[in-house]
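What follows is a short report on a single structure.
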Amino acid sequence: MNGSFSCSTRRVSWHEQLLRRRYHVCFSLRRFILLLCAEIRWEEERYTDGSKWRFLEHKGPVFAPPYEPLPDKVRFCYDGESLFAHVFVEKFAKMLDHEYTTKDVFRKNFWKDWRKEITSEEKSKITDLNKCNFSEMSEYFKLQSEARKQMSKEEKQKIKEENERILQEYGFCIMDNHKERIGNFRIEPPGLFRGRGDHPKMGMLKRRIRPEDVIINCSKDSKHPKPPPGTKWKEVRHDNKVTWLASWTENIQGSIKYIMLNPSSRIKGEKDWQKYETARRLKKCVDRIRSQYREDWKSKEMRIRQRAVALYFIDKLALRAGNEKEEGETADTVGCCSLRVEHIKLYSKLDDQEYVVEFDFLGKDSIRYYNKIPVEKRVFKNLQLFLENKQPEDDLFDRLNTSILNKHLQELMDGLTAKVFRTYNASITLQQQLKELSCSDDSIPAKILSYNRANRAVAILCNHQRAPPKTFEKSMQNLQTKIDEKQNQLSAARKQLKAAKADHKASHGDKSKKTVEVKRKAVQRIEEQLMKLQVQATDREENKQIALGTSKLNYLDPRISVAWCKKWGVPIEKIYNKTQREKFAWAIDMAEKDYEF
DNA sequence: CCTCAGACTTGTAGTCATACGT
DNA sequence: ACGTATGACTACAAGTCTGAGG
């Protein structure tokens with residue numbers, strides 16, 4: 001382990017590692033070719049055997065604090081009778097303010113699971129959720145949260161210190177000579193599953209995860225994490241083909257949850273870099289692929305036509321692939337390959353446009369995708385063909401799924417999958433927009449506005465929406481008030497300047513000259529402030545229903561942004577906050593001002 | 001082939017902490 | 001110094017994609 005882990009030392013050594021690794025790969029590549037005369041794919045990987053690390057040591061996860069029963073007097077009412085609560089009742093009571101506790105599915109699932117938890121005596125007594133009154137508990141929780149807000153500085157400080165201590169102890173691991181931050185070292189506490197959209201499992205009980213449920217992954221020669229006293233791990237394994245430190249199976253979907261490293265870690269950063277490199281390779285052959293799928297629209301084979309139209313949508317509209325999902329297990333959402341007849345409408349003429357397709361479906365996280373776009377005639381005719389003799393609930397692309405599509409893509413370019421198109425189109429859009437919008441005469445705030453607009457174009461393309469913030473209208477109003485005030489200030493300042501000038505004209509004194517200068521500066525300052533506020537207002541208004549974060553974090557090659565900052569003299573802090581700078585440290589190190597995606 | 005577990009990325013909402021104006 | 005609005009950060013759900021195994 002190196003002695004120092006300060007940010008800059010780490011970054012430099014990482015960069016060095018990148019360089020060394022290239023050499024290493026080239027070397028082993030040559031050796032492999034000599035030995036095997038085999039076709040080896042050149043990969044940006046640290047180890048050629050697919051292993052992800054050599055040494056991994058950590059302290060294991062932090063478990064949810066044990067359940068502490070409420071004071072005896074805090075109970076819930078059943079049909080007039082006062083009863084003691086349990087963990088899940090508590091959770092239910094805490095959610096009372098949310099709309100979903102009124103939903104049938106939520107209540108039904110909660111009721112079913114809750115009854116499994118209670119004693120037979122309680123079971124015979126409590127027979128109807130609607131007769132339960134949790135309001136007393138709910139009140140108690142509200143009081144508690146008030147009390148927490150009112151805590152003294154010392155108490156708050158103490159909690160903060162304790163959190164920091166836990167972070168220092170459990171929040172880091174050592175992977176191959178580097179101390180790395182762990183992403184989520186705390187195990188999720190028990191609670192009620194919510195899920196998004198119309199989830200059939202909402203309200204079910206998420207059980208507590210115990211050490212006996214947890215698999216630990218670390219290297220053999222490391223100091224193994226200790227389970228809490230009196231407990232055992234489910235298993236300790238030493239699998240260096242994976243990157244996770246601990247895992248367990250969650251009880252709602254039966255899926256596996258992992259503890260992995262923070263995005264600032266080498267292992268995540270490298271993967272991220274690789275992702276953008278793949279997207280850049282797509283850039284080189286996207287024209288070929290596009291003309292290929294346009295050819296395929298004419299194919300005699302239905303499956304090829306479907307594949308080609310689907311790919312066109314993925315490319316043009318940045319749709320997700322759309323894997324099949326198990327019915328009834330999750331909310332009914334779709335992506336490109338899983339689109340159904342009911343999700344599109346065709347208009348040979350709409351307003352003044354020809355061949356318009358209207359999309360209306362729920363995508364990931366049950367976010368609605370709604371879009372009307374004119375398509376080429378051939379696509380339109382194909383879609384009409386795909387719709388023939390089908391019911392609304394039938395698959396639009398009945399001869400296609402993601403694995404067929406991805407297999408095809410793999411043949412077109414090594415490492416190409418459906419999601420690469422999203423990355424590619426997002427990044428190339430940002431680069432294009434930045435070129436178009438940036439203007440050297442602009443002030444820094446105006447440049448940042450341009451950046452945000454470019455970012456926004458991408459977010460719109462990727463359909464990254466958000467619910468308008470609850471306080472949106474009010475905060476807009478506040479900002480407008482500020483702008484008005486500033487404007488008044490400005491005219492006042494201008495008047496003063498004018499007066500000072502007149503004064504100076506009359507007296508020609510040194511003192512009056514100074515006053516003019518002072519007043520001129522004041523006007524300038526206020527003008528600047530006003531401009532800043534106006535830019536802020538524009539930015540906020542345009543951003544009302546758009547979430548920039550996801551694209552910034554997952555789709556935009558950070559080197560584009562870094563290069564843009566360098567080119568236009570915008571400090572990187574204006575674009576990326578601290579966490580983002582840590583995540584994109586590799587790009588901040590690598591990209592020069594002439595970087596091209 | 002097909003299915004499904006597994007691993008890893010992407011996504012929004014909500015909570016928390018802090019900067020800001022009063 | 002205080003309270004609130006805002007951005008940072010966390011939580012954890014929900015996707016994508018691969019590859020093992022029948």
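Every chain is numbered from 1 and lettered A, B, ... according to where its sequence line falls, protein lines coming before strand lines. Keep in mind that this is a model prediction, so the values were computed, not measured.
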Could you check A:Glu250 against A:Lys578 and say which one's nearest nucleotide on DNA chain C is further toward the 5' end? A:Lys578
Report the residue (A:Arg186 or A:His199) whose heavy-atom-nearest nucleotide on DNA chain C is the more 5′ of the two. A:Arg186
N/O-N/O pairs, protein side and nucleotides 12-18 of chain B side, under 3.5 Å:
| from | atom 1 | to | atom 2 | distance (Å) |
| --- | --- | --- | --- | --- |
| B:dT12 | OP2 | A:Thr550 | OG1 | 2.9 |
| B:dT12 | O2 | A:Arg196 | NH1 | 3.1 |
| B:dT12 | O2 | A:Arg196 | NH2 | 3.2 |

Output the single nucleotide from B:dT10, B:dC8, C:dA14 whose closest atom is nearest the side chain of A:Tyr555. B:dT10
Of B:dG11, B:dG6, C:dC12, the nucleotide closest to the side chain of A:Arg422 is B:dG11
Shortest non-hydrogen contact between A:Ile267 and A:Met175, atoms and distance: CD1-SD, 3.8 Å
Minimum heavy-atom distance A:Asp332-A:Leu362, with the two atoms named: O-CB, 4.2 Å
N or O in side chain of [X] less than 4.0 angstrom from [N] OP1/OP2:
| X | N | result |
| --- | --- | --- |
| A:Thr333 | C:dA14 | no |
| A:Ser255 | B:dA5 | no |
| A:Asn577 | C:dA8 | yes |

Do the ring planes of [X] and [Y] sit parallel (below 30°), tilted (30 to 60°) or perpendicular (above 60°)?
| X | Y | value |
| --- | --- | --- |
| A:Tyr576 | A:Phe584 | tilted |
| A:Phe361 | A:Phe359 | perpendicular |
| A:Phe106 | A:Phe92 | tilted |

Tell me whether A:Glu326 at atom CD has more than 12 heavy atoms from other residues, nucleotides or ligands lying less than 6.0 Å away. no
Give a yes or no on this: more than 12 heavy atoms of other residues, nucleotides or ligands lie within 6.0 Å of atom NZ of A:Lys283. yes
Whole Å only: how far is the [atom1] atom of [X] from the [atom2] atom of [N]?
| X | N | atom1 | atom2 | result |
| --- | --- | --- | --- | --- |
| A:Asp272 | B:dC8 | CG | C1' | 12 Å |
| A:Glu324 | C:dA14 | CD | C1' | 16 Å |
| A:Asn262 | C:dT10 | CG | C1' | 11 Å |

When you compare the side chain of A:Lys552 with that of A:Val458, does any pair of heavy atoms fall below 4.5 Å? no
If an axis is fit to five pairs at each end of the helix from B:dC1-C:dG22 to B:dT22-C:dA1, what is the angle between the two, to the nearest 10°? 0°
Run the salt bridge (charged side-chain N to carboxylate O under 4.0 Å, His left out) test against A:Arg280 and tell me which residues pass, sequence neighbours left out. A:Glu277
I'd like to check the salt bridge (charged side-chain N to carboxylate O under 4.0 Å, His left out) partners of A:Asp113; sequence neighbours left out, ordered by chain and number. A:Lys116
Taking the six-membered ring of A:Phe193 as reference, does the NZ or CZ atom of A:Lys206 fall below 6.0 Å from its centre and within a 45° cone about the axis? no
Scoring nucleotides 17-22 of chain C by protein non-hydrogen atoms under 4.0 Å (B base, S sugar-phosphate only, - none) yields BS----
Is there any side chain to side chain donor-acceptor pair (under 3.5 Å) pair reaching into residues 54-64 of chain A, and which pairs are they, with sequence neighbours excluded? none
Reckon A:Lys206 touches a base, only the sugar-phosphate, or nothing at all at heavy-atom distances under 4.0 Å? sugar-phosphate
Regarding A:Pro189, tell me which of base, sugar-phosphate or nothing describes its non-hydrogen contacts under 4.0 Å with the strands shown. sugar-phosphate
